[in-house]
Structure formats: C-alpha cells, structure tokens
Amino acid sequence: STPRAGTITVTSTSDNDPGSLRQALADAVAGDTIDFSVASVTLTSEQLSVTKNLIIDGGTGVTIQRSSVATIPDFRIFTVNSGITLELRKITITNGKTSDGTGGGGIFVDGGSLTLKNCTVSGNATGDEDFSGTDAYPGGYGGGIYVKSGTLTLENTTVSSNTTSNGKFVYDGDNYEGGDGGGIYADTSTVILKSSSVTQNTTGTGNYNASSGDGGFGGGICIDGAAA
C-alpha cells in the first residue's frame, strides 16, 4: 500500500546526524511535512537535493545555512529536481555559494516547482566556472535563486543581498560577463511574486581587457524566455 503522508521533525542542527534535515529528507515520503524543534540547521558537506513532493515548515522561523568555516566547500542550499514540488514556509536560506559557474547560489529549481511563503533568501552567491587553457567563463546565474524550466512562486518573501560573480578573464583568451540575475534568474520559467520584495541584489562586474567584458544583467531579477 502507499505510505500515508505524515510529519517528520528535525531535532538536530547538524548536517548528517540522526534527526538532521538531511536525514528527514531521506526518510520522508511524498506529501510529508518536515518541521523543526531547532531554530537553525548548518550544512557542512553538500547541498540538499529534494526528490519528493514535500512541505518544509519552519514554524516560527528556521535558518538553513552553509557553514562559514573556511574549510567548508562551496555548495548551494537546495536543488529542487525535475517534476518535484517543494513548499518552504518561514525558512531563511543563507550563505549558499556555487564555485563552478553553475546557477543558483541559494536554490536551484531544475524543472520543478518551488513556493516560498514568508521566507528570506539572503546572502547567497554564485562563483566562476572552472577553466583551463585560454578560455574565459561567465559568472554563475541567479545569486539567490535560479529557476530552469520550472515555476517559482514567492508569497510575503524577501530576496535580498545576493550576488553573482564577475566571470573569469584569461590574459590571452576571451572575456566574459558577470553572472545575470543577482537575486533571481529565470530561464524559460514562470515566476509569480505576491507581496514580496527583491532588493539590494547585485550582479558581477565582468572581467575584461580593453575591449570587452560586461557586467551581468538584472541586479534584482533577470527573465530569459520566462513569464513573470
């Protein structure tokens, strides 16, 4: 028989312990709600990949962050996978960062559907793509959120102080622009904002020689083939 949806409570602030958010995501079945008895979760290993339709409810407010310890690798906070529906409530997403030029410093919606209710996405960033030889690469798109072929709905939510990187310039190669969409980058997607704010986000300036290399487009939101 199909398991009945229920509630799983996160009881640990750590990354991989029993009672952690990562463990709750692994244990949950489609339709479950994940709630918290702690006020924050600090990730130290890798992003959280959502592969089931879920609600993550912060109650009075929960912060989910990448650790700021210098030895912790760069990674975003959440990826919402193709065909998946995720709803976040009263969650703050912060200090996510991609280092390889991929989009979505805080959250990447890869063909799924994400709803943020009374949430904050702040202080996330994208990095530059790794390179070799004489090539140059753009900064990653979507400092806060990158939605690709999906749906993003913001209700009473703030997206602020996120940034994309400058891109990399190689002295004998081409030049490339800073990443687009400091707050949100939407690629062939639907974006709905209700009583929400997108403020004080920035794009990278671009790395260039005397002739080229532009800053990124859309400090707050960059729409590319999407309906807003």
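What you see is a predicted model; the values in this text were computed from it and never measured.
Between Thr98 and Asp74, the shortest heavy-atom contact is C-CB, 4.5 Å. Taking each heavy atom of Lys148 and Ser189 in turn, the nearest pair found is C-OG, 3.5 Å. The two residues Gly140 and Ser165 make their nearest non-hydrogen contact at N-OG, 3.8 Å.
Not counting sequence neighbours, the partners of Ser49 by the side chain to side chain donor-acceptor pair (under 3.5 Å) test are Asn81. Residues passing the side chain to side chain contact (heavy atoms under 4.5 Å, CB included) test with Cys119 are Leu88, Ile91, Leu116, Thr157, sequence neighbours excluded. Applying the side chain to side chain contact (heavy atoms under 4.5 Å, CB included) criterion to Ser14, with sequence neighbours excluded, gives Ser12, Asp17. With sequence neighbours excluded, the residues that form a salt bridge (charged side-chain N to carboxylate O under 4.0 Å, His left out) with Lys117 are Glu87. For Thr94, there are no side chain to side chain donor-acceptor pair (under 3.5 Å) partners at least two apart in sequence or on another chain. Ser149 is linked by a side chain to side chain contact (heavy atoms under 4.5 Å, CB included) to Thr188, counting only residues two or more places apart in sequence or in another chain. Partners of Asn162 according to the side chain to side chain donor-acceptor pair (under 3.5 Å) rule, which considers only residues two or more places apart in sequence or in another chain, are Asn124, Asn201. Every residue meeting the side chain to side chain donor-acceptor pair (under 3.5 Å) condition with Ser122, not counting sequence neighbours, appears here in chain and number order: Ser160. Taking the salt bridge (charged side-chain N to carboxylate O under 4.0 Å, His left out) definition, one finds that Asp110 meets it with nothing, sequence neighbours left out.
The only member of Val29, Val80, Leu25, Thr85 that meets side chain to side chain contact (heavy atoms under 4.5 Å, CB included) when paired with Leu54 is Leu25.
Legend: side chain to side chain donor-acceptor pair (under 3.5 Å) pairs involving residues 51-72, not counting sequence neighbours, sorted by first then second residue: Thr42-Gln65. Annotation: ring pair (Phe, Tyr, Trp, His ring centres under 6.0 Å) contacts involving residues 73-117, sequence neighbours excluded, comprise Phe108-Tyr146.
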Exercise for review: Would you please test Thr202 and Thr163 for side-chain hydrogen bond (donor to acceptor under 3.5 Å, both in side chains) and show each step?
Suggested key: CA-CA 5 Å; Thr202 57; Thr163 186; 3.0 Å; yes
Review point. Can Leu193 and Ile221 be said to form a side chain to side chain contact (heavy atoms under 4.5 Å, CB included), step by step?
Key: CA-CA 11 Å; Leu193 276 67; Ile221 305 175; 4.2 Å; yes
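Side-chain contact between Phe36 and Val41 is present, with at least one heavy-atom pair separated by less than 4.5 Å. Under the 4.5 Å side-chain criterion, counting only non-hydrogen atoms from C-beta, Val38 is not in contact with Val62. Two residues are said to be in side-chain contact when any heavy atoms from C-beta on lie closer than 4.5 Å; Asp180 and Asp224 fail this criterion. Two residues are said to be in side-chain contact when any heavy atoms from C-beta on lie closer than 4.5 Å; Ile77 and Val121 fail this criterion.
One distance of note links OG1 of Thr11 with CG of Asp35; it measures 10.5 Å at 0.5 Å rounding. Rounded to the nearest 0.5 Å, atoms OG1 (Thr44) and CG (Asn16) are 6.0 Å apart. To the nearest 0.5 Å, the span separating CG on Asp32 from OG1 on Thr7 amounts to 7.0 Å. Rounding to the nearest 0.5 Å gives a distance of 10.5 Å between CD of Gln23 and CD1 of Ile34. Note that the CD1 atom of Ile145 and the CZ atom of Arg76 stand 12.0 Å from one another [nearest 0.5 Å]. In this structure, CD1 on Ile64 lies 9.0 Å from OG1 on Thr92, to the nearest 0.5 angstrom.
Of the N and O atoms on the side chains of Thr120 and Thr158, not one donor lies less than 3.5 Å from an acceptor on the other residue.
A donor-acceptor contact shorter than 3.5 Å links the side chain of Arg22 to the backbone of Gln47. Checking side-chain atoms of Ser196 against main-chain N and O of Lys194 turns up a donor-acceptor pair under 3.5 Å. Remark: side-chain polar atoms of Ser37 are paired, donor with acceptor, to backbone N or O of Val10 under 3.5 angstrom.
Cluster membership for Ile93 and Ile55, using ILVMFWY side-chain heavy atoms within less than 4.5 angstrom, is not shared.
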